[in-house]
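Since this is a predicted model, take the numbers as computed values, not measurements.
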Amino acid sequence: MRSGMLRAVGAATAVYGFAVAARPAVLARPAGLVTPDGGVAEDTRLALLPLGWRDAASGLAMVVAPDGAALRTAALLRIAADLGDAVLLGRRLRTTSRRYVTIAVSVGWATLSVAALVAPERPPAD
């Protein structure tokens, strides 16, 4: 397991999550969940806030979890969330291009975490 890589993915996820929680348009615009004038409807904003907090919390868990089982568990939770996003959002977004982008981004982040989980830890430098 490459702990450093998992922590980097966690940090990036946490930053993204806090950004979505602060400004849901960060997720709404690329997903095509905006009004015709490019704004974010209050119901959409309300629905996206928990996703932002979920990403922030799971990312922080990856950053602060001790090496070993705790970090592995935090990473598996993050992978499950990313794959869930790929399946659920990928099936339900309005346009095909938005679905494909969402699937690619979500699976991409999950793949980074999986790669870090299965990669052997680098030996210490001499």
Shared ILVMFWY cluster between [X] and [Y], side chains joined below 4.5 angstrom?
X   : Y    : answer
L83 : Y16  : no
L27 : W109 : no
L49 : L89  : no
L6  : L77  : no
M1  : V114 : yes

Q) Is it true that the side chains of R99 and T96 contain a donor and an acceptor less than 3.5 Å apart? A) yes
Using only atom types and a distance under 3.5 Å, with no angle test, would you say the side chain of [X] pairs donor to acceptor with the backbone of [Y]?
X   : Y    : result
T44 : V40  : no
R29 : V34  : no
R78 : S113 : no
R2  : L117 : no
R7  : A65  : yes

If you take all heavy atoms of [X] and [Y], which pair is closest and at what distance?
X   : Y   : value
S58 : T13 : OG-CG2, 4.3 Å
L46 : P50 : O-CD, 3.1 Å
R92 : L88 : CG-O, 3.1 Å
A25 : P30 : O-CD, 3.9 Å
P24 : R45 : CG-CG, 3.3 Å
D67 : L71 : OD1-CD2, 3.8 Å

Q) Is any side-chain heavy atom of R54 closer than 4.5 Å to a side-chain heavy atom of D85? A) yes
Distance from [X] atom [atom1] to [Y] atom [atom2], nearest 0.5 Å?
X   : Y    : atom1 : atom2 : result
D55 : L60  : CG    : CG    : 11.0 Å
L93 : L33  : CG    : CG    : 5.5 Å
S3  : R122 : OG    : CZ    : 12.0 Å
M5  : M62  : CE    : CE    : 9.5 Å

